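Below: the structure, in C-alpha cells.
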Amino acid sequence: MNEEMMTTETRQSANAPASPAAKRYFVKTYGCQMNVYDSQRMADALAADGYSATERPDEADLILLNTCHIREKAAEKVYSEVGRLREIKAQRKAAGRQTTIAVAGCVAQAEGAEIIRRAPLVDLVIGPQTYHRLPAAVNRALSGEKVIETDYAVEDKFDHLPAPKPAATRSRGVTAFLTVQEGCDKFCTFCVVPYTRGAEVSRPVGQILAEANRLAASGVREVTLLGQNVNAWHGEGPDGRAWGLGELLRRLAGIPGLARLRYTTSHPRDMDDGLIAAHRDLPVLMPYLHLPVQAGSDRILKAMNRRHTAEDYIRLVERIRAVRPDIALSGDFIVGFPGETDADFEDTLDLVRKVGYATAYSFKYSPRAGTPGADMADQVPEDVKDKRLQALQDLLDEQQAEFVRHLKGKPVEILIERAGKEPGLVVGRSPWLQPVIVDEKAGGIGDIVTVRITGTGYTLYAEPL
Ligand code: 5AD
Ligand code: SF4
C-alpha cells in the first residue's frame with residue numbers, strides 16, 4: 001500500500017462540459033492511488049451511462065464517496081461526511097430532484113449493510129470488486145431500492161475495470177495509473193487490506209498491454225502500475241512462459257511513447273531476481289522504490305507477521321542498490337505496535353539510519369477491528385506512540401532534507417506534467433517523484449527535459465539548461 005495519497009481527498013474533475021439536461025455525478029475520493037484509479041473507472045462507466053461530472057455536490061444527481069479504511073476512524077469520517085449531505089439531499093428534494101448517495105471503496109466493503117442501517121440517507125453501498133455493476137445498481141437505487149453490492153467471485157475482480165476511453169484519458173494528462181494486481185494474501189496483523197480488498201489476483205497480461213497501449217496512444221508518457229501488493233503480480237506471457245513483474249515491465253518498456261514506468265506498492269518478500277534485474281536493465285524504470293518495512297525489530301516484525309527480518313530487508317536494499325545505485329527508497333513505518341518496547345523502537349531508528357530514505361510515511365499504530373493486532377495484549381499508550389512518532393519523523397525529515405540538498409546545482413531530467421499556478425511556469429517531476437517548477441521555456445507538457453536544480457525543499461526549483 002502506498003501512503004502518498006492516504007490523507008488526501010481528491011475531487012474528480014469534469015472531463016467534458018455537461019449539457020443542461022444531463023445527469024450529473026460528484027465523486028470524492030479518499031485514500032490510495034488505487035482509489036483514484038477506481039474513481040476514474042467509475043467515472044468512465046457513469047459517462048457511458050449518460051452522466052457527466054460536476055465539482056458541486058448540490059448539482060449532483062449521484063454523490064459517490066470512494067472511501068478508505070486503512071487507519072483510524074475511517075467509518076466515523078464517512079458517517080459525518082454523509083451527515084453533511086443531508087441538507088443537500090433535502091434541498092434538492094424540495095426542488096423536485098432526486099439525489100442518490102452512494103458509498104464505495106474499502107469502508108463500503110468492510111461495513112456493508114451496516115452503513116445503511118446507521119445512515120439511512122445512503123442509497124447504495126458498493127465494494128471495490130463490484131464496480132462493474134455500478135450503473136445498474138444506481139438505476140435500482142433510483143427506483144427506491146436500498147442496494148448493497150459487496151458480494152463477488154474472485155474471477156470477477158477485473159471485470160470492474162472498464163477500459164479507459166482514449167479521449168477521457170487525454171484530458172487526464174501525461175501520467176496515468178494502471179491497476180495490474182489487487183488484493184493481498186500477506187495478512188500483516190495490523191492491516192485491514194486482506195479483508196477489504198480480498199485475495200491477491202493478477203490482471204491478465206493481454207488486458208494490461210492493451211490498456212498501456214491505449215494510454216500511450218492518447219499521449220500518456222508515464223505509467224504507474226498499481227497493486228496492493230504489486231510485486232506479487234504474475235501472469236502468463238504471450239510466449240506461454242510464467243511472467244513476473246520484471247518481465248511485464250520489460251514488455252511495457254518497449255511500448256513507443258512510454259518514457260517512464262513506476263510501480264507501487266511492493267512487499268519485500270516479493271522482490272524477486274527478475275524485478276531487480278529490471279531495475280538494472282531498464283532506463284525507463286524510474287529509480288524510485290516504495291518498499292515498506294514497517295519496523296526494525298525482528299520481534300515486532302514477527303508479531304506483525306511480516307515474514308522477513310530487518311537483516312533480510314537491509315540485504316535486499318543492498319542488492320537493489322548494487323544494480324541501480326541512484327535508486328531512492330521510500331518506506332512506511334508503524335510505531336507503537338502492541339508489545340513494542342523502547343529497545344524495539346531503537347531498532348527501527350537503527351534500520352532507518354542504515355538504509356537511508358529519500359522519503360517515508362510513518363504512523364502510530366491504530367487497532368483495526370477484525371485484525372489480530374487489535375486483540376493483542378500490551379497495547380502501547382498513546383503518549384509513548386506520540387513521542388516515538390516524533391523521534392522517527394525527525395530522523396526521516398533529516399534524511400529527506402539531506403536527499404534533496406544533494407540535488408542542488410545538479411542537472412535532473414524531468415517530465416513536464418502541467419502548467420504552473422503562475423503564468424510562464426510549468427511543473428515537472430523528477431525521477432524521484434518530487435515536483436519541479438521551471439520556466440516554460442524548458443519545454444512543453446509531455447516533454448522530458450534536463451534542467452538544473454536551483455532551489456530545494458518539498459518542491460524543487462530549476463532553470464532550463
Ligand atoms: N495502524 C497504523 N498504520 C497502518 N498502516 C496500515 N494499517 C495500519 C494500522 N492499523 C500503514 C502501514 C501501511 C500503510 C499503507 O498504512 O504502514 O504500509
Ligand atoms: Fe496490508 Fe501487509 Fe498486505 Fe501491505 S502486505 S496490504 S500492509 S497485509
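One-based numbering, in listed order, for ligands and for the atoms of each. Keep in mind the model is a prediction, meaning the values are calculated, not measured.
- Close N/O approach between Tyr365 and ligand 1 is not found [any backbone or side-chain N/O within under 3.5 Å].
- Of all atoms in ligand 2, numbered sequentially from 1 with element shown, those under 4.0 Å from a heavy atom of Phe187 are 8 (S).
- Where the criterion is an N or O separation shorter than 3.5 Å, residue side chain and backbone included, Arg368 fails it with respect to ligand 1.
- The part of Phe190 lying near ligand 2 is the side chain, judged by heavy-atom distances below 4.0 Å.
- Nearest heavy atoms, Gly420 versus Val427: CA-CG2, 3.7 Å.
- Between Gln181 and Ser202, the side chains place no donor N or O within less than 3.5 Å of an acceptor N or O (distance only, hydrogens not considered).
- Taking CZ of Arg368 as the reference point, atom OG of Ser366 lies at 4.5 Å (rounded to 0.5 Å).
- The residue from Thr265, Thr189, Val192, Asp332 that puts a heavy atom closest to atom 13 (C) of ligand 1 is Asp332.
- Taking every non-hydrogen atom of Ile334 and a distance limit under 4.0 Å, the qualifying atoms of ligand 1 come out as 3 (N), 4 (C), 5 (N), 12 (C), 17 (O).
- For ligand 2, the atoms sitting less than 4.0 Å from at least one non-hydrogen atom of Pro194 are 8 (S), numbered in the order shown with element in parentheses.
- For Asp151, the CG atom counts as loosely surrounded, since its 6.0 Å shell holds 12 or fewer non-hydrogen atoms of other residues, nucleotides or ligands.
- Listed by atom number, the atoms of ligand 2 under 4.0 Å from Cys188 heavy atoms are 2 (Fe), 5 (S), 7 (S), 8 (S).
- With a heavy-atom cut-off of 4.0 Å, Gln294 touches ligand 1 through its side chain alone.
- For ligand 2, the atoms sitting less than 4.0 Å from at least one non-hydrogen atom of Lys186 are 3 (Fe), 5 (S), numbered in the order shown with element in parentheses.
- For ligand 1 and Lys364, the ligand atoms under 4.0 Å from any heavy atom of the residue are 1 (N), 2 (C).
- The part of Cys184 lying near ligand 2 is the side chain, judged by heavy-atom distances below 4.0 Å.
- Put simply, Cys191 gets within reach of atom 1 (Fe) of ligand 2, with an N, O or S atom under 2.8 Å from it.
- Val293 places a side-chain heavy atom less than 4.5 Å from the side chain of His308.
- Cation-pi contact between Arg405 and Phe403: absent, since separation from the ring centre below 6.0 Å together with deviation from the ring axis within 45° is not met.
- Atom 2 (Fe) of ligand 2 has no N, O or S atom of His267 under 2.8 Å away, backbone or side chain.
- Looking at Phe190 against ligand 1, both its backbone and its side chain come within 4.0 Å, counting heavy atoms.
- The shortest side-chain heavy-atom distance between Leu415 and Thr175 falls under the 4.5 Å cut-off.
- By the 3.5 Å distance cut-off applied to N or O atoms, Phe333 is not counted among the residues near ligand 1.
- Shown here is Arg321, whose CZ atom has more than 12 heavy atoms of other residues, nucleotides or ligands within 6.0 Å.
- Geometric assessment of Arg118 against the ring of Tyr79 yields a positive cation-pi assignment under the 6.0 Å and 45° thresholds.
- With values rounded to the nearest 0.5 angstrom, Leu85 atom CG is found 6.0 Å from Glu81 atom CD.
- Around atom CZ of Arg307, more than 12 heavy atoms belonging to other residues, nucleotides or ligands sit under 6.0 Å away.
- Contact annotation for Pro292 and ligand 2: no heavy atom of the residue comes within less than 4.0 Å of the ligand.
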